[in-house]
Student: 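Below is one structure. I have some questions about it.
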Amino acid sequence: MAGSSPSQSPATKETTISDLDEDTIAHCAAYMNLRDVCNLAMTSTSLKRLAYSDSIWQHFFREHWHQQIPSSHSSGTSRKARELYLTRHTELQQFKFLDPFSLDFFPHVEPINHLLLHKNRIFFAQGSLVGMINLDGYQKGTDHFVHTLSDHRARITSMRLFSLNGFSLLRGNTAEVLVTSSCDHSIRLWWKGSCLRCWRGHNGPVLSLSNKLLGEDSCKVLASGGEDCTVRLWSLSSSGKRGRHALKATLYGHEKPVNLMSVAGHKTSLLVTMSRDSKVRVWDTSTTTSSAVRSSFCVGMTSFPGAPVNMKCYESLLYVAAGSSVTAVDLRTMQKVITAAVHQSKLYSFDVVPSKSLICTGGDDRAMLWDIRKNQESLTPKPIAELDGHCGPVTLLHMDPYKIVTGGPDDECVNVWEVDTGVQTNSLPCFNGLSGCNAMAVDGSRVTTATYSQDLTVLRFRDYHNAKNPLTKLESEPSSKFWDSLSDGNSND
């Protein structure tokens, strides 16, 4: 009878998460990020109970708001600690506080046409100039926290920020690259305050840039639309500073200048473009070849009444705002599936949160909130809320799963609203004594607004992440209902 060799050990059983005791799992989960903990809670009933434990949510408080950790006696149950965290997180996202961290910047006197807010930096365009503000540098007191990029020779028409990983032009680094287009017929890529690439090919002003990069990670492609009615594709992995080999394809078919571009959500090779006559074309860029000049890559077309306002792709749906309505189109069939919103007047702006089936539109003197699901059942869509309080057209509109932020050139403030109900949560003055919001950028619990007058241009930055004083609270409720200070010994700040 054959026996096993003494040197051979029996196969050891792999340890799984279910083999660990509850204290060990809870200790490990306290060092996960919020998304991972949410995924853990959906795994099983026992892990859900652990994912709701005090230690995990106390850790999140220490990580995000170390001076406002809920005291152990106020937590009560394990569910309460989680609710405290989520309540505070939601209200910070909705700007429901009086004391954000605030900074004002005063660039040269000229309107700000484009504004981006990302991590610790603010990007803005004034005419042909690009400005970059390093917020960390400003707070540390360094002299050079503002950079001005002046390579363009005419008005900047579009500004995008893309994250690139391992590309040769970044010397293998992972970084955010700023891309700008201009009426000087050029597209420029910026990194660390210098121009890495300058692409020329359009026979006129470049009017639009794609909101995302097309293609796979190893071969990213940027799309641009021009006054010359063409769509051009540029390879970011090309060599040569002047972009001699960057032009991958030129796509013809539009009869008017190309104003808007968006990349499909369900297929990164599909590019949707819209021209000034509100005609939409869908291009499959995966079939393009080097230096291709064709119109055969167009895989779908449709058109809309009225002037184009904006368009956004989510998964296989395309939402188009044109004239006085917002229409959803299925990119797989090019069929118009629903008219989601209809204004009595002209549209100036719109945004959408598909996960909540909500659309917000900006009109002559107010914004309106619409439920897409209700409008599917009605021939005459009706808003679920009207967002008043504007003195003119609502040209600026941001919408995310927590809030809506609206503003315009005649308003002294930008208004903040709960996304689910349309209830106003705050009103933020752009700058004391000045009216008119020219540009706005929102990033989570932070917002930047730009105001311009004949004598002054102001960029106002607000960060609500560490705000403590609620904007409103019931008189019968203690101020520590949703958050408490660390302890009596640490309350002197």
Side-chain angles (χ1 to χ4, degrees), residues 86-98 100 309-312 314 317 319-321 324-328 338-430 437 440-447 449 462 464 467 470-474 482:
L86 295 178
T87 297
R88 177 168 171 79
H89 175 76
T90 298
E91 296 196 350
L92 289 171
Q93 292 285 321
Q94 294 173 340
F95 303 163
K96 290 184 177 180
F97 291 84
L98 290 167
V309 176
N310 203 352
M311 66 178 183
K312 294 177 181 288
Y314 292 97
L317 287 181
Y319 296 91
V320 177
S324 60
S325 64
V326 179
T327 305
I338 181 177
T339 299
V342 178
H343 264 256
Q344 297 299 318
S345 59
K346 176 183 176 182
L347 282 183
Y348 290 89
S349 57
F350 103 105
D351 208 345
V352 57
V353 177
S355 62
K356 292 179 174 286
S357 298
L358 294 173
I359 283 179
C360 190
T361 55
D364 282 334
D365 59 356
R366 70 193 63 189
M368 292 187 177
L369 183 62
W370 312 78
D371 189 321
I372 301 172
R373 294 163 297 189
K374 291 182 179 179
N375 292 344
Q376 285 178 324
E377 304 168 358
S378 174
L379 297 176
T380 56
K382 294 182 180 180
I384 59 175
E386 294 190 12
L387 316 182
D388 294 321
H390 297 279
C391 299
V394 182
T395 57
L396 304 172
L397 196 158
H398 165 88
M399 191 179 186
D400 62 39
Y402 297 96
K403 62 185 173 296
I404 302 166
V405 188
T406 57
D410 300 321
D411 296 326
E412 294 184 358
C413 303
V414 294
N415 295 321
V416 189
W417 321 79
E418 289 185 357
V419 71
D420 293 308
T421 63
V423 173
Q424 188 168 358
T425 65
N426 210 336
S427 183
L428 313 177
C430 297
C437 186
M440 178 179 71
V442 183
D443 179 24
S445 61
R446 308 181 305 159
V447 57
T449 56
R462 292 178 174 92
Y464 286 84
L471 181 64
T472 58
K473 57 179 179 289
L474 297 178
F482 297 121

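We use all heavy atoms of the structure for the numbers below, so side chains are in, but hydrogens, waters and symmetry mates are not. From a predicted model like this one, the values you see are computed outputs, not experimental measurements.
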Student: Can you name the residues that form a ring pair (Phe, Tyr, Trp, His ring centres under 6.0 Å) with H390, not counting sequence neighbours?
Tutor: none
Student: Would you name the heavy atoms of P381 and A340 that are closest together and state the gap between them?
Tutor: CB-O, 4.1 Å
Student: Closest approach of L98 and P470, non-hydrogen atoms and distance?
Tutor: CD1-O, 3.7 Å
Student: So V394 and Y348, do their side chains get closer than 4.5 Å, heavy atoms only?
Tutor: no
Student: Got a second to check how far I372's CD1 is from T339's OG1, nearest 0.5 Å?
Tutor: 12.0 Å
Student: Report the distance from atom CG of L358 to atom CG of L369, rounding to the nearest 0.5 Å.
Tutor: 5.5 Å
Student: For S445 and Y464, indicate whether the former's side chain and the latter's backbone hold a donor-acceptor pair under 3.5 Å.
Tutor: no
Student: Look up atom CE in M311 and atom CZ in F350, then write down how far apart they are to the nearest 0.5 Å.
Tutor: 9.5 Å
Student: What distance separates D420 CG from I404 CD1, expressed to the nearest 0.5 Å?
Tutor: 9.0 Å
Student: Kindly give the heavy-atom pair with the smallest separation between T395 and P409, and that separation in Å.
Tutor: OG1-CD, 3.3 Å
Student: Answer yes or no: is there a donor N or O on one side and an acceptor on the other, between the side chain of D364 and the main chain of S345, under 3.5 Å?
Tutor: no
Student: Looking at every heavy atom in both N415 and G389, which two are closest together, and how far apart are they?
Tutor: ND2-O, 3.5 Å
Student: Write down the atom of C437, the atom of C430, and the distance for their closest heavy-atom approach.
Tutor: CB-SG, 3.7 Å
Student: Do D411 and L396 come close enough that some side-chain heavy atom pair is under 4.5 Å?
Tutor: no
Student: Sub-3.5 Å donor-acceptor pair from the side chain of E418 to the main-chain atoms of Q94, do we have one?
Tutor: no
Student: Distance check, rounded to the nearest 0.5 Å: D371 atom CG versus I384 atom CD1?
Tutor: 5.5 Å
Student: So which atom in P393 and which in D410 form the shortest heavy-atom distance, rounded to 0.1 Å?
Tutor: CD-OD2, 3.6 Å
Student: Quiz question: by atom type and distance under 3.5 Å, do the side chains of Y319 and N310 form a donor-acceptor pair?
Tutor: no
Student: Please list, chain by chain and in numerical order, all residues satisfying side-chain contact (heavy atoms from CB on, under 4.5 Å) with D351, sequence neighbours excluded.
Tutor: K312, Y314, L397, M399
Student: Applying side-chain contact (heavy atoms from CB on, under 4.5 Å) between K403 and each of T425, V419, T90, V442, report the one that passes.
Tutor: V442
Student: Starting at OG1 of T406, measure out to CG of D388 and round the result to the nearest 0.5 Å.
Tutor: 10.0 Å
Student: If we only count heavy atoms from C-beta on, is the L428 to P100 side-chain gap below 4.5 Å?
Tutor: no
